[in-house]
2 protein chains.
Amino acid sequence: MPDLHQLNHAIIEFYEKLSSWEHSVVKEIGVSLSQVHTIELLGIHGAMRMKELAEKMAITTGTLTVQVDKMVAAELVRRRPHESDRRSILVELTPKGEVMYQQHDALHHQLTVDLCANLDGDEQRLLLRCLSKMNHEF
Amino acid sequence: MPDLHQLNHAIIEFYEKLSSWEHSVVKEIGVSLSQVHTIELLGIHGAMRMKELAEKMAITTGTLTVQVDKMVAAELVRRRPHESDRRSILVELTPKGEVMYQQHDALHHQLTVDLCANLDGDEQRLLLRCLSKMNHEF
DNA sequence: TCAAGTAGTTTGACCATCAAGCTAAATTAA
DNA sequence: TTAATTTAGCTTGATGGTCAAACTACTTGA
């Protein structure tokens with residue numbers, strides 16, 4: 001079992017790199033971090049209730065209400081009544097929001113390509129296995 | 001060369017996990033994220049000029065001034081004049097701040113231990129190599 | 001010496017966030 | 001059915017992080 005200290009350091013550094021990348025992308029596409037996160041979740045999971053979305057984002061529904069208000073005004077998302085529960089409201093991407101999601105996704109994919117530029121096939125395969133294990137066993 | 005799509009997804013998920021971990025730790029130790037970041041940088045690099053610290057944190061010096069004011073009030077850091085440049089001010093951890101840095105560092109190390117619990121020695125070695133390459137070649 | 005540049009602070013304006021209190025709808029108990 | 005409870009979402013008031021721009025004090029270089 002090798003020394004975990006270096007690994008710890010590498011993980012911290014990797015996290016900082018991703019964080020700084022995200023920061024720069026947010027500036028580039030001109031939407032706040034919080035709104036990018038919302039778009040990302042709606043793009044991945046499709047229409048969602050406010051409650052569900054707030055839970056995934058780890059914020060309160062009150063905060064989400066404010067965000068969604070702004071995003072509705074910017075025509076990135078729309079609200080729609082829930083079919084069977086009149087208390088609930090579904091949020092979904094508008095076409096404009098969908099375009100922004102695709103853009104963001106493409107940028108993310110490009111980041112991965114850049115990150116992996118110096119890894120050979122075996123390394124990529126093993127990295128994927130390690131990340132999967134870490135993501136699921138923790 | 002394997003499909004990068006899965007890898008992209010795994011990286012996003014890994015980033016979210018780290019982000020959520022950081023969030024919960026910040027709540028636990030009762031200091032804001034920004035202040036934890038300050039403490040971390042001062043712990044790693046030692047006393048620093050405001051300018052330098054602000055650059056590493058990717059915030060303006062104005063913002064940093066406010067943060068440092070609060071942290072001085074909380075006795076986590078102190079200001080000290082620069083030896084040769086009277087415009088500059090050095091910021092450094094107080095003993096109390098140093099304790100908090102050690103605590104945070106220990107938590108981070110524990111996170112790494114948990115993350116790697118299901119990786120064998122070879123996997124850990126290769127993960128470190130991949131992370132190092134990604135950190136340095138990007 | 002003095003003009004230009006640099007380090008740090010202050011101020012005024014946003015934005016994100018939460019907690020608490022609110023309304024409307026659904027669910028459960030009587 | 002009615003009443004009490006729970007749930008979903010919204011509103012409000014307060015706090016904290018951030019930036020840009022204006023300001024002060026110091027340094028540097030022509």
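Below, read A as the first sequence line, B as the second, and so on, with proteins coming before strands; counting in each chain starts at 1.
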Examine [X] and [Y] and state if one hydrophobic cluster contains both, with Ile, Leu, Val, Met, Phe, Trp and Tyr joined whenever side-chain heavy atoms are less than 4.5 Å apart.
{"X": "B:Y15", "Y": "B:L127", "result": "yes"}
{"X": "B:W21", "Y": "B:L131", "result": "yes"}
{"X": "A:M57", "Y": "A:L93", "result": "yes"}

DNA chain C-proximal residues of residues 32-41 of chain A, any heavy atom under 4.0 Å:
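Nucleic-acid contacts, sorted: A:S32, A:S34.
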How close or far is atom [atom2] of [N] from atom [atom1] of [X], stated in whole angstroms?
{"X": "A:I59", "N": "C:dT17", "atom1": "CD1", "atom2": "P", "answer": "5 Å"}
{"X": "A:R49", "N": "C:dA26", "atom1": "CZ", "atom2": "P", "answer": "13 Å"}
{"X": "A:L64", "N": "D:dG9", "atom1": "CG", "atom2": "C1'", "answer": "10 Å"}
{"X": "B:R80", "N": "C:dG8", "atom1": "CZ", "atom2": "P", "answer": "13 Å"}
{"X": "A:M48", "N": "D:dG9", "atom1": "CE", "atom2": "C1'", "answer": "16 Å"}
{"X": "A:H82", "N": "D:dT7", "atom1": "NE2", "atom2": "P", "answer": "16 Å"}

Please identify each residue that fulfils side chain to side chain donor-acceptor pair (under 3.5 Å) with B:Q103, with sequence neighbours left out.
none
Is the number of heavy atoms from other residues, nucleotides or ligands under 6.0 Å of A:E75 CD greater than 12?
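Open.
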Between A:H23 and A:L90, which has a closest nucleotide on DNA chain D that is more 5'?
A:L90
Give B:T61 one of three labels, base, sugar-phosphate or nothing, depending on what nucleic acid heavy atoms sit under 4.0 Å from its own.
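Base contact.
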By the salt bridge (charged side-chain N to carboxylate O under 4.0 Å, His left out) test, which pairs, at least two apart or in different chains, include something from residues 54-73 of chain A?
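Every pair satisfying salt bridge (charged side-chain N to carboxylate O under 4.0 Å, His left out) with a residue in residues 54-73 of chain A: A:K51-A:E55, A:D69-A:R79.
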Give the residues of residues 66-75 of chain B touching DNA chain D, defined as any heavy atom closer than 4.0 Å, sorted by residue number.
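Hits under 4.0 Å, by residue number: B:Q67, B:K70.
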Looking at [X] and [Y], what are the two nearest heavy atoms and their distance?
{"X": "A:C116", "Y": "A:Q124", "answer": "O-NE2, 3.5 Å"}
{"X": "A:L42", "Y": "A:V91", "answer": "CD2-O, 3.6 Å"}
{"X": "B:A74", "Y": "B:K96", "answer": "O-NZ, 3.0 Å"}
{"X": "B:L4", "Y": "A:T112", "answer": "O-CG2, 4.1 Å"}

Where along nucleotides 20-30 of chain D does protein come under 4.0 Å, by heavy atom, of base (B) or sugar-phosphate alone (S), with - for untouched nucleotides?
------BS---
If you group Ile, Leu, Val, Met, Phe, Trp and Tyr whenever their side-chain heavy atoms sit less than 4.5 Å apart, what else falls in with B:L126?
A:L126
Which nucleotide in C:dT9, D:dG9, C:dG8 has an atom nearest any side-chain atom of A:I89
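Given the options C:dT9, D:dG9, C:dG8, the side chain of A:I89 is closest to D:dG9.
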